[in-house]
Amino acid sequence: MKQSAAAVTLKGITKRFPGLVANDSIDFELKKGEIHALLGENGAGKSTLMNILFGLYQPDEGEIWVNGNKTVIEGAGKAIDLGIGMVHQHFKLVQPFTVAENIVLGNEPRKFGTFVNYKQANDKVRSISERYALKVDPQVRIKDITVGMQQRVEILKTLYRGAEILIFDEPTAVLTVQEIEELIGILRNLAAEGKSIILITHKLKEVMALADSVTVIRRGKVVRTVTTKETNEQQLAELMVGRDVNFQAVKTKKEPGELIVSVDNLTMKGEENKLVLNGVAFDIRAGEILGIAGVDGNGQSELVQAITGMRKASGGSVKLHGKEMINKTPRQMSVAGVSHIPEDRHKHGMVLDFTLSENMVLDTYFDPQFGKNGFIDYKAIDTLANQLVTEFDVRSSGIQAKARSLSGGNQQKAIIARELWKNPSLLIAVQPTRGLDIGAIEYVHKRLIEARDAGKAILLVSFELDELYALSDRIAVMYEGKIMGYADADQRDDKQLGLMMAGNSAAKQPTKGGR
Amino acid sequence: MDKVKGIADKTFNKTSFLVPLVAIILGLLCGAIAMLAGGFDPILAYQSLLKKLFGSPYDMGEAIRAITPLLFTGTAVAFAFRTGLFNIGVEGQFMMGMTGATVIGITLDLPWYLHAPLAIIVGALCGGLWAALTGYLKAVRGVNEVISSIMLNWVALYLSNYIIRAFFVAKGQQKSDPIQESALVSIGWLSDAMDHARMHWGTVIALLGIGVFYIILWRTKQGYELRAVGQSPDAALYAGINVNRTIVKSMFISGLFAGLAGVFETLGVFGYQTMLAAPWGYGFDGIAVALLGGNTPIGVLLGAILFGGLSYGSAGMSFGAGVPPELVRIVIGSIIFFIASHGIVKFFIKPFLGRRADKRKEAI
């Protein structure tokens, strides 16, 4: 029995794990040449479903049809034979190898049967990348190219192996705004060339901008399949979360209070004595959120590291409550009232192999209330952890669970709980919603605005313009270690902001601190 | 009761207990196969090994004597491991501890209640500082601790030999003058009760040391910092912990344990120090003990008993079954191999675990 134009049809797929039904009789159809988004919150069962299609899991029930033939996909090898390719969220590339070497790895063109024919490999890669307008130089090394380029290499890898059906797992999670734009172009191109694409995501904007149709999954079940023409972001969000969603965090106008932090002429030298911070200056007052916009790598991380004391600045001034604090240690800054929600919660925010409870005191464990005479009173810590976990709704199997076992959203909630509990006067939040789903984002935004209303000064670094506009009272734009200017937080103007992010200072003159 | 269970849960879980157990069995099997291949009777050999261990009060005492330094060196290695450092220089720190104790033991003339403690403290400090040097090089210069501590092992060996030869050598012999009576830490009445086995207070200190290992890491603020640096130096930096200073501290404490092992070999067992052509090997065995014990306090205790017992009992194998005592190194080697490649061990356990999981499913 042949089926019509469907590239992939999944019928009644059910997959059970101990204590949980990850996929509950899911029906899914991918037409040839379409971009089909698979939308759902973290843990909804999107990845399980795609791992079944890619042969990494076997379904407990249900049928898989590829190109009109019923098949059993025993492993990734079979999936590749069937023309299915997967671009993972975390790239699987050999860093010191060149682009071409990575692409042909495991399937190299040979010379005399034994030697790798590098010339042919390079030519092949070049011809594929030209055909799909993926501008990649086959002879550069992976470690020397940007994340966006690495993703293209992953795409080329699947195309090289003859993929007709491409699965993208959260492809924009690691990309900058510009790279996302480029990726959208690439995906459109691929679809126009007749490839069928499944896009796993929880970002509504991308679904609307990119997909032809969308299947929404919630708790392992298909909620609905619609074409993007018939729907809108609000409706998709409600289907995905299962309740009304507040997109716009509610923020009341407020006059900022006293001056909390004042940064002046802050400079820092990076590799080869290049200035990564070049005279940064700003003020933040109590009850005010200063947003920092900019393309990743323009000194935002260094700015935060300088203020928190994690990296030495080479000059300038950081005043907290009027007191000079430049180049104090992270401990001194923390005790002086600076809280920090770090950019990389796995690297800096938590000790992943510590328990949740131990992580709740990561920067306060030395406080006398947690023990005296050099000993730690773990009971007191557990009490605090229980209190914070309840207050901030951190879900885990218990406070003695390893931090590693928590989902990203819950890890972030735990970090926010810890940092707000310190009752700081300055809160630094770097990409606080990266990788979180809508429910968690809504929550984080609410907490940040509450902190602002409680009179804290907040420095928010983000690459999401939506987030910056939703939260900030003022938005500063960073470019090459400098603040190019301030954008009006009330009157959104992406074009002007984009110009400043690209280094065009003519847009607006910097106005330090003033409103 | 709950508290005890909590501690047990922290230090043990099912696989962390099962894997070493299966590895030991597989290791003994490998040894048996090697014996069969050599034409020996493995059952008789293992019987003689046990007989040697438990045959007489003297042998039991001497076995404890052999286990003691492994308790110290195992603790030293496990402690460093817990803080993210691979202290492969325990051997050298052991030598320095020995030498420090010997120097104090020979040169000073003090009442026993001052002399022995002083010798112990100086010896331990020698080991600790020797290790701290490695920590300092890592913290300040970024030198990998494995490289520097291996090199320092040989420096320690020849430095010790030089000190003995230049200042303390007994006439016409390859060893130092005897240490003064007042510095010795033997337990005379216990030795008498055990047919003159060399019993000494080091064993008690070693057992206390294992308790200290637990208390420092899991009960003190210092331990919280040490573990945080060990698990994630980046997060430790974020938390305001001085990572470099913590590395030096960790190596220093690890070296104290290693130094104590050497101290008690001099003050408790021999009463003099020999000039050596090659290291004793207690330091390297300590790595095996820590590995077998999963770097947990109880694991180190059990690991030291096993390896110390096997080493001492191996003499019985050659006496009772004609098996060369070196064969025990094959058993120990294979145990370490199976621990390190726990994938293989899990493969052996899997059928059993799987069956149990199935039963549990049915129960639901």
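The basis for the numbers below is simple: all heavy atoms, side chains too, and nothing from hydrogens, waters or symmetry mates. A note on names: the letters A, B, ... follow the listed sequences, proteins ahead of strands, and every chain is numbered from 1.
Between A:Tyr378 and B:Trp218, the closest heavy-atom pair is CE1-O, 3.0 Å. Between A:Ile376 and B:Lys221, the shortest heavy-atom contact is CG1-CG, 3.3 Å. Nearest heavy-atom pair, B:Asp234 versus A:His348, reported as atom, atom and distance to 0.1 Å: O-CD2, 3.3 Å. In plain terms, the two heavy atoms of B:Gly240 and A:Pro330 that are nearest each other are CA-CB, 3.8 Å. Listed here is the closest heavy atom pair of B:Ala235 and A:Leu362: O-CD2, 4.3 Å.
With a threshold of 4.5 angstrom between heavy atoms, A:Arg418 approaches chain B through side-chain atoms but not through N, CA, C or O. Heavy-atom distances place no part of B:Ile216 under 4.5 Å from chain A, backbone and side chain included. Contact annotation for A:Phe354: only side-chain heavy atoms (C-beta onward) come within less than 4.5 Å of a heavy atom of chain B. For A:Val335, no part lies under 4.5 angstrom from a heavy atom of chain B. Residue A:Met350 touches chain B through its backbone alone, counting heavy-atom pairs closer than 4.5 Å.
More than 12 heavy atoms of other shown residues, nucleotides or ligands fall within 6.0 angstrom of atom CH2 in A:Trp421. Under a cut-off of 6.0 angstrom, the local environment of CZ in A:Phe366 is crowded, with over 12 non-hydrogen atoms contributed by other residues, nucleotides or ligands. Within a 6.0 Å sphere centred on NZ of A:Lys269, heavy atoms belonging to other residues, nucleotides or ligands number 12 at most.
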Begin from the C-alpha positions of B:Tyr238 and A:Thr308 and carry the test side-chain contact (heavy atoms from CB on, under 4.5 Å) through to its verdict.
CA-CA 9 Å; B:Tyr238 162 88; A:Thr308 53; over 6 Å; no
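Taking A:Gly371, A:Gly349, A:Gly309, A:Pro342 one by one and counting their heavy-atom pairs under 4.5 Å with chain B, the maximum is reached by A:Pro342. The candidate with the highest count of non-hydrogen atom pairs below 4.5 Å against chain A, out of B:Pro233, B:Ala228, B:Ser232, is B:Ala228. Counting heavy-atom pairs closer than 4.5 Å to chain B, the top-ranked of the candidates A:Thr364, A:Asn359, A:Val361 is A:Val361.
Note that NZ of A:Lys402 and CD of B:Gln231 are 8.0 Å apart. Values are rounded to the nearest 0.5 Å.
Evaluated for a side chain to side chain contact (heavy atoms under 4.5 Å, CB included) with B:Leu237, the options A:Met310, A:Gln305, A:Arg311 yield exactly one hit, A:Met310.
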